[in-house]
Amino acid sequence: MGAGGLDVLDGLDRLRLLDGPTPIQRLHRLERQLGPALGGTRLYVKRDDQMALGGGGNKLRKLEFLLGAAVREGCDTFITTGGVQSNHARLSAAASAYAGLACELVLARVVARDDPSYRRNGNILLDGLFGATVHELDGTADTLAFAHERARALKAEGRSAYVVGVGGSSPLGSLGYADCAREITAQEAALSERFEKIVVANGSAGSHAGLAAGFAAMGQDPARVRSFTVLAPEQDARRTTTVLAQDILALLGAQAEIRPDSIDVSGAERGEGYGIPTAAMLATVRLMARTEGLLLDPVYSGKAFAGFLSDACNGAYGEGKAALFVMTGGVPGLFAYQPAFETDAF
């Protein structure tokens, strides 16, 4: 089955937020810097950080389908959840502004930081600029329950809200990354290149699950996708990703199968937990910036790219083969992590 396995996507309601396929580029200078350690592996990145709206990032792929559904249902408000420095929240606010919808963000203090850089800079600063109403809750709060409560309150006022959970990683939202699998397949053909592995960060699991489901629907091996969890412990992340990928295939009406052993998730770069810096992340962000002039975020891609390079230098992708890293954005988060990049602790 070719790309036609995903033709059903073309008939779904969708609010176009991307200008077109995001580019794939080779990291020539980084390859030279790492030298023989790579064993001839060719390193590529897919620039999902390079999108025009809201500072860019992978969540726009999911929001195309989620906002498409909200507009179809005649909603006037988009409500979603996340952490204080959520990239999904920031892009939800931007995309809602673009769509002409009000936006409410229910954000939990899930990282134990109270310094000004974290509480007032980065994504949280942009949320306000995009006009979102922010509800900040304690880290133990049930943000989704609060979001549904807000939707009921708005309904009593004669309004209509569309509620989305953390990361936009519902089966519907994750179709954005099934479509990305189709996009990558077309770009491989144009580049005359095949990527042995396609690597991505795993937070709410939607990017990995969507890619795996998309490749499976096209008759390709979903195990081509590998992710590094930055949120849940490894086994939990693998289980969540597997179930979500299966749900995406069901939504697509695809006959393909996702088995648990085809979902490749590593916990090697998670460190002490979500949003907590690691020495490998800090070193990798600096390395990418100083060799390629590209910015990785400190919560997702910084950790996952550290794993990508470690795997490459350990021969995981095969001598002389190519591997692709999906840069999912989140650059505004760097400004919330200024203290970590100035400390000598790492």
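Heavy-atom basis, side chains included; hydrogens, waters and symmetry copies ignored.
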Do you know the tightest heavy-atom contact between [X] and [Y]?
X      : Y      : value
Phe305 : Val45  : CE1-CG1, 4.1 Å
Thr80  : Val164 : OG1-O, 3.0 Å
Gly82  : Val166 : CA-CG2, 4.2 Å
Leu295 : Ala289 : CD2-CB, 4.5 Å
Ser204 : Gly167 : OG-CA, 3.6 Å
Phe130 : Gly54  : CZ-CA, 3.7 Å

Within-4.5 Å side-chain heavy-atom neighbours: [X] and [Y]:
X      : Y      : value
Val285 : Phe341 : yes
Leu60  : Leu18  : yes
Leu175 : Leu251 : yes
Val299 : Asn87  : no
Met51  : Arg61  : yes

key: Intermediate values then yes/no, side chain to side chain contact (heavy atoms under 4.5 Å, CB included), Leu107 and Ile124   = CA-CA 10 Å; Leu107 307 181; Ile124 195 72; 3.6 Å; yes

task = Starting from the C-alpha separation in whole Å, work towards a yes-or-no answer on side chain to side chain contact (heavy atoms under 4.5 Å, CB included) for Cys180 and Leu211.
result = CA-CA 7 Å; Cys180 184; Leu211 286 168; 4.1 Å; yes

Kindly say whether [Y] contributes a backbone atom to a donor-acceptor pair with the side chain of [X] at under 3.5 angstrom?
X      : Y      : result
Arg113 : Ala336 : yes
Glu292 : Arg29  : yes
Arg238 : Val265 : yes
Glu31  : Leu43  : yes
Asp221 : Ala223 : yes
Ser169 : Gly206 : yes
Thr291 : Leu287 : yes
Ser92  : His88  : yes
Gln246 : Ile258 : yes
Thr41  : Leu38  : yes

About how many Å separate [atom2] of [Y] and [atom1] of [X], when rounded to the nearest 0.5 Å?
X      : Y      : atom1 : atom2 : result
Lys46  : Glu183 : NZ    : CD    : 3.5 Å
Leu309 : Leu30  : CG    : CG    : 5.5 Å
Ser262 : Glu257 : OG    : CD    : 8.0 Å
Asp114 : Arg119 : CG    : CZ    : 5.0 Å
Asn123 : Gln85  : CG    : CD    : 5.0 Å
Ile79  : Thr143 : CD1   : OG1   : 12.0 Å

message = In this structure, is the centre-to-centre distance between the rings of Phe195 and Tyr44 below 6.0 Å?
response = yes

ask   = So Phe78 and Tyr162, would you call those rings parallel, tilted or perpendicular, with 30° and 60° as cut-offs?
value =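 Parallel, since the angle between the ring planes stays under 30°.
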
Cation-pi check, Arg226 onto Tyr317 ring (under 6.0 Å, within 45° of axis) = no

message = For Phe215, does the six-membered ring have the charged nitrogen or CZ of Arg224 within the cation-pi criterion, i.e. under 6.0 angstrom from the centroid and within 45° of the normal?
response = yes

Charged N to carboxylate O below 4.0 Å: is that the case for [X] and [Y]?
X      : Y      : answer
Lys59  : Glu64  : no
Asp76  : Arg159 : yes
Arg182 : Asp10  : yes
Glu196 : Arg194 : yes
Glu136 : Arg109 : yes

task = State which residue, out of Thr328, Asn202, Asn58, Asp48, fulfils the side-chain hydrogen bond (donor to acceptor under 3.5 Å, both in side chains) condition with Ser207.
result =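 Testing each of Thr328, Asn202, Asn58, Asp48 against Ser207, the sole residue satisfying side-chain hydrogen bond (donor to acceptor under 3.5 Å, both in side chains) is Asn58.
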
For atom [atom1] of [X], is the number of surrounding heavy atoms from other residues, nucleotides or ligands below 6.0 Å larger than 12?
X      : atom1 : answer
Arg120 : CZ    : no
Phe335 : CZ    : no
Tyr98  : OH    : no

ask   = According to the side chain to side chain donor-acceptor pair (under 3.5 Å) rule, which pairs have a member within residues 145-154, sequence neighbours left out?
value = Glu104-Arg150

query = Hey, are Gln220 and Thr185 close enough side-chain-wise for a donor-acceptor pair under 3.5 Å?
reply =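 Checked: Thr185/Gln220 side chains pair up, N/O donor to acceptor below 3.5 Å.
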
ask   = Does one side chain, of Thr229 or Glu234, offer a donor that lies under 3.5 Å from an acceptor on the other?
value =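 The criterion, which ignores hydrogens and geometry beyond distance, is not satisfied for Glu234 and Thr229.
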
Criterion side-chain hydrogen bond (donor to acceptor under 3.5 Å, both in side chains) on Ser160 and Glu73, from CA distance to verdict = CA-CA 9 Å; Ser160 178; Glu73 293 179 16; over 6 Å; no

message = Between Leu67 and Ser96, does the side chain to side chain contact (heavy atoms under 4.5 Å, CB included) criterion hold? Intermediate values first, please.
response = CA-CA 8 Å; Leu67 278 165; Ser96 294; 4.3 Å; yes

query = Going through the checks in order, is the salt bridge (charged side-chain N to carboxylate O under 4.0 Å, His left out) test met by Lys197 and Asp311?
reply = CA-CA 10 Å; Lys197 280 287 185 180; Asp311 280 355; over 6 Å; no

message = Is there a side chain to side chain contact (heavy atoms under 4.5 Å, CB included) between Leu66 and Leu172? Walk through the geometry before answering.
response = CA-CA 7 Å; Leu66 296 169; Leu172 179 64; 4.2 Å; yes

request  = Indicate, with yes or no, if Ile276 and Leu296 share a hydrophobic cluster defined by side-chain heavy-atom contacts under 4.5 Å among Ile, Leu, Val, Met, Phe, Trp and Tyr.
outcome  = no

